[in-house]
Amino acid sequence: MSAESPEASDAISHLRRAFKHWRWQRPFWAGLLTILAGLPIGYLPYANVTLGQLTVRMSTTTGSGSLIIGVLLVVLGLTMWFQPIVRVFAGVATILLGLVSLPVSNLGGFLLGFLLALFGGGMSVAWAPGENPTAQPAKDVEPVPADGVDGVDGADGVDGAGGGEPEPAVAGAAPDQESRDGRHRAG
């Protein structure tokens, strides 16, 4: 017998499913990388590294610029999570701030923050919301006989089934099954 109560495991699995559902509706990983990019860019100019009795300051003359870039990246990452409709703007702004951080903030947080910002911004721009699968009943489609099989030559504008919708006068004029379903094919 398990020491865990079934109610606790049900609650945990419910929370995991809810988080998974929330995560799939937004550019989650892009936001996480953008938040992680803002941390080294904003923190490293104010950090002191001590090596024995030697203190090394990593501050730059534009330390406030680094802090602003870091805070903006964290805000853009949170925006990607909680306002996914503006993901393209947030992604482009993240890429631009990552590029600006190279000369302003110790090579973009020693390239770590710069690379995280580029990947996070690119993922945010490329992310697209998924479609919910809808249950559609299978359609019974009967094969249509070829021209001339059932006595209709197909030149009179009637399909081989002996009735129905006429063939279009110009190729592509009538909607086919794919365009009625909302899918279009190129070519």
Side-chain angles (χ1 to χ4, degrees), residues 4 6-49 58-139 175-187:
E4 244 182 71
E7 294 86 18
S9 67
D10 288 343
I12 291 172
S13 66
H14 175 71
L15 288 174
R16 288 186 70 215
R17 279 193 309 267
F19 177 69
K20 184 189 234 183
H21 180 70
W22 179 83
R23 188 182 70 205
W24 283 358
Q25 294 178 347
R26 59 204 75 244
F28 177 77
W29 295 109
L32 183 66
L33 288 179
T34 302
I35 290 170
L36 291 176
L39 298 177
I41 290 174
Y43 174 73
L44 286 178
Y46 296 101
N48 292 331
V49 177
M58 311 235 189
S59 66
T60 61
T61 57
T62 57
S64 60
S66 298
L67 183 63
I68 290 171
I69 290 172
V71 168
L72 283 175
L73 284 173
V74 170
V75 168
L76 285 171
L78 292 172
T79 301
M80 289 175 199
W81 280 356
F82 297 109
Q83 295 294 325
I85 195 76
V86 295
R87 69 186 183 280
V88 175
F89 167 75
V92 171
T94 298
I95 292 171
L96 290 176
L97 284 173
L99 289 171
V100 168
S101 74
L102 278 174
V104 172
S105 175
N106 294 332
L107 290 175
F110 295 117
L111 295 180
L112 177 67
F114 166 71
L115 291 175
L116 288 172
L118 286 186
F119 285 123
M123 287 172 69
S124 177
V125 170
W127 183 83
E131 297 178 6
N132 290 336
T134 58
Q136 296 179 354
K139 297 178 182 177
D176 58 352
Q177 182 64 30
E178 289 180 352
S179 65
R180 281 191 294 248
D181 290 341
R183 299 179 304 234
H184 300 283
R185 56 190 160 98

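Below, each value reflects all heavy atoms present in this structure, side chains not excepted, and no hydrogens, waters or symmetry copies.
No more than 12 heavy atoms of other residues, nucleotides or ligands sit less than 6.0 Å from atom CZ of Phe89. Other residues, nucleotides and ligands contribute only 12 or fewer heavy atoms inside 6.0 Å of the CD1 atom of Ile85.
Across every non-hydrogen atom of Leu112 and Pro40, the tightest pair is CD2-CG, 4.2 Å. Considering all non-hydrogen atoms of both residues, Gly120 and Ala30 come closest at O-CB, 3.3 Å. For the residue pair Met80 and Arg26, the shortest heavy atom distance occurs at O-CB, 4.0 Å. In terms of heavy atoms, Ala93 sits closest to Leu76 at CB-CD1, 3.7 Å. Taking each heavy atom of Phe28 and Trp81 in turn, the nearest pair found is O-NE1, 2.9 Å.
Although no hydrogens or angles enter the test, the distance criterion places a donor-acceptor pair under 3.5 Å between the side chain of Ser105 and the main chain of Ile41. Thr94 places a side-chain N or O within donor-acceptor distance of the main-chain N or O of Ala90, the cut-off being under 3.5 Å. Ser101 contributes a side-chain N or O that, together with a main-chain N or O of Gly98, makes up a donor-acceptor pair within less than 3.5 Å. With hydrogens and angles disregarded, no donor-acceptor distance shorter than 3.5 Å links the side chain of Arg87 to the backbone of Pro27.
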**OP:** Could you please spell out the steps behind the side chain to side chain contact (heavy atoms under 4.5 Å, CB included) verdict for Arg17 and His14?
**Re:** CA-CA 5 Å; Arg17 279 193 309 267; His14 175 71; 4.1 Å; yes
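Here the CZ atom belonging to Arg16 is positioned 9.0 Å from the CZ atom belonging to Arg23, to the nearest 0.5 angstrom.
Of the candidates Leu33, Leu39, Leu111, Leu33 is the only one forming a side chain to side chain contact (heavy atoms under 4.5 Å, CB included) with Leu116.
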